[in-house]
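Below, chains carry the letters A, B, ... as their sequence lines are ordered, and counting in each starts from 1. All values derive from a computational prediction rather than experimental measurement.
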Amino acid sequence: MVVDDTTSRLNMATSVSLGGTPLGLTLDLSSLEYDGDVILENLHLQLRPGQFTCLLGPSGVGKTSILKLIAGTLSLKNRYSLETSDGAPLTGRVAYMDQKDLLLPWVTALENVTIGDRLRGLKPDYDKARALLKEVGLEGAEDKKPGALSGGMRQRVALARTLMEDAPLILLDEPFSALDAISRHNLQSLTADKLSDRTVLMITHDPLEALRLGGEVMVLSGHPASLTKIEGLPPATPREATDPSLHTSYTEILSLLQGAGDIDA
Amino acid sequence: MLDRLFRIFVTTGGIILIWAMITWATDLPRFILPGPLLVFETWFAKFHIIWPHLITTLSEILLGLLFGILAGGLSALVISVHQGVKRWVLPVLIASQAIPVFAIAPLLVLWFDYGMTSKVVMATLIIYFPVTVGFLDGLNRTSSDWSNMAGIMQAGSSQSSALKMWRLYRFIKIPFALPSLASGIRVATAVAPIGAVVGEWVGSSSGLGYLMLHANGRMQTDLLFAALLTLTLVSISLYYLINYLLVTFLNWQSEQETLS
């Protein structure tokens, strides 16, 4: 036990070791309706273990509802099933990152990163939190309150908080949509780097963002919406947006999204 | 800051000057309107008489604040945790504000005697409402995004749901509501002296309100004014002291967002 402890501490000095074996997830949804209007029908979404999946779609198509179903903050009775690859329940094994940073303005960055442990009544691991803040490029900002940080820095703190949860499944709800172009680009690279071996489901509006980060890219469109998987993507992520082989995929995504343009208008 | 002090000095100085000119020009008898100079003279000369009454009233106000804030804070928490309670209790709370405290003051004196208790109850009643409403408003305005985030973080944790709820309040809802609580306490501090003094008017043997009635009955209008001056100074200092404490300890918002 003592030896184990020392090894983990030594590992921590270089990079924070995270997670166990990645988790796979299958979501089957028979129907989702709002005020009698069927938005989603017979949806089958599979997240492969360790895969970064991007879900694209126009607003109002039901992307966030899917994310909330998986997160457990939206419950439908008997109209969906969630199956994990290891058969155990999903409860408590999800981390969620919103497009808003949701930082608590009255505590420091460090305390924001450790909020999960305190909400669970556990003693926070401040060493790990510091190391994570350092990894997202916020060394020296640990004791600053969110009000003193820029939008990009705040979203970095939110990313560190999400990583701190150390969950097998990570849900990202348009996490970069409120940022300027440069911060967005930097945070995309950082996220791709930090979440490379995790099972991730990210929602986005932006085809280029999906093509940069997604190991798998799916488009949700139509009414009721159906899923289309984009085939033939180069395997390595993050991809460069200038990569010419992405051009056909980009055109395909745009035409899929425009086909559903009447919903967005 | 210096600029503000200067303005306060000029306005109050102006009012005192007008007051002095009125008494000088109209030559009213001193038991109708004593001049400012006479009031200040009386204030210094009879401060040993005013002092014990000041202590009584100040104690009533402070105890009223203490009990009012405790009761109001607790009520807001209970109502916020059990939204069912809210539907039953909040209408009654709001309706109770339609009853003027002045009207129930005689009852309170009847029930709690002439001593300090009835005045403390009176002040507590006046303070209770703004504190409850302010704090409750803050607790209810906590973003549901935060609650959802906390829910995801707490899911699968083995602690009881009561403990989860407590930690949600302890780390998110209560800190978020503190500035609203502070606004409530600020309003409460401004009205607390009214409760104490009205209680003293109805029946007492000590306190600034008692002293004012007593002086009035004996045509000692200068002493009445001196007591009034004391009460004003106490109220203003108390307000600024509480405001300072609130800004220092309860507010996480930037200072320009708060009233000061």
Side-chain angles (χ1 to χ4, degrees), chain A residues 23 64-65 67-75 82 84 88-108 111-124 145-148 158 161-175 178, chain B residues 73 77 80-81 83 134-135 137-185 245-258:
Chain A
L23 188 71
T64 301
S65 302
L67 218 57
K68 286 188 170 167
L69 269 180
I70 300 175
T73 50
L74 176 74
S75 59
L82 283 169
T84 53
L90 189 60
T91 317
R93 296 199 287 170
V94 181
Y96 190 99
M97 183 171 168
D98 199 85
Q99 53 184 316
K100 288 174 270 178
D101 53 65
L102 294 181
L103 298 182
L104 306 174
W106 53 87
V107 290
T108 62
E111 284 171 279
N112 265 297
V113 173
T114 53
I115 184 69
D117 275 341
R118 276 181 292 146
L119 283 170
R120 287 184 290 268
L122 305 170
K123 200 172 176 299
K145 292 193 177 164
R161 182 184 59 199
T162 312
L163 291 170
M164 186 76 187
E165 288 298 292
D166 208 358
L169 178 64
I170 295 173
L171 306 172
L172 305 174
D173 189 358
E174 300 179 38
Chain B
L77 277 176
S80 155
V81 172
Q83 290 293 322
F135 196 29
D137 181 50
L139 290 172
N140 286 343
R141 270 191 301 113
T142 318
S143 158
S144 61
D145 291 331
W146 270 333
S147 310
N148 282 339
M149 182 184 82
I152 294 170
M153 286 173 163
Q154 290 178 327
S157 155
S158 57
Q159 56 184 341
S160 69
S161 58
L163 261 180
K164 284 182 185 172
M165 173 82 97
W166 157 244
R167 296 211 165 92
L168 172 66
Y169 272 83
R170 161 76 181 78
F171 293 112
I172 296 178
K173 286 203 167 194
I174 294 178
F176 177 81
L178 284 184
S180 313
L181 174 65
S183 309
I185 294 178
L245 291 177
L246 292 176
V247 169
T248 313
F249 295 109
L250 284 194
N251 269 322
W252 46 263
Q253 288 172 334
S254 63
E255 279 188 41
Q256 67 228 38
E257 283 179 68
T258 65

OG1-CE distance between A:Thr73 and B:Met149, expressed to the nearest 0.5 angstrom: 12.5 Å

Are there residues of residues 166-175 of chain B that reach to under 4.5 Å of chain A by heavy atoms, and which ones? B:Arg167, B:Leu168, B:Phe171, B:Ile172, B:Pro175

Between side-chain atoms of residues 95-103 of chain A and protein atoms elsewhere (two or more places apart, or another chain), which donor-acceptor pairs fall under 3.5 Å?
residue: A:Tyr96; atom: OH; partner: A:Asp173; partner atom: OD2; Å: 3.2
residue: A:Asp98; atom: OD2; partner: A:Lys100; partner atom: N; Å: 3.0
residue: A:Gln99; atom: OE1; partner: A:Ser177; partner atom: OG; Å: 3.1
residue: A:Lys100; atom: NZ; partner: B:Asp145; partner atom: OD2; Å: 2.2
residue: A:Asp101; atom: OD1; partner: A:Leu103; partner atom: N; Å: 2.9
residue: A:Asp101; atom: OD1; partner: A:Arg154; partner atom: NH2; Å: 3.3
residue: A:Asp101; atom: OD2; partner: A:Arg154; partner atom: NE; Å: 2.8
residue: A:Asp101; atom: OD2; partner: A:Arg154; partner atom: NH2; Å: 3.3

Please enumerate all residues that pass side chain to side chain donor-acceptor pair (under 3.5 Å) together with B:Thr142, with sequence neighbours excluded. none

Rounded at 0.5 Å granularity, tell me how far CG in A:Leu74 sits from CG in B:Asn148. 9.5 Å

Could you have a look at A:Thr91, A:Val94, A:Leu104 and say which one has the most heavy-atom pairs with chain B under 4.5 angstrom? A:Leu104

Who among A:Gly72, A:Gly116, A:Gly92 has the most heavy-atom pairs with chain B under 4.5 Å? A:Gly92

I would like to know whether A:Arg161 and B:Met153 meet side chain to side chain contact (heavy atoms under 4.5 Å, CB included); could you show each step before the answer? CA-CA 11 Å; A:Arg161 182 184 59 199; B:Met153 286 173 163; 3.7 Å; yes

Can you name the residues that form a salt bridge (charged side-chain N to carboxylate O under 4.0 Å, His left out) with A:Glu165, not counting sequence neighbours? A:Arg120

Structural part of B:Gln154 lying under 4.5 Å from a heavy atom of chain A: both

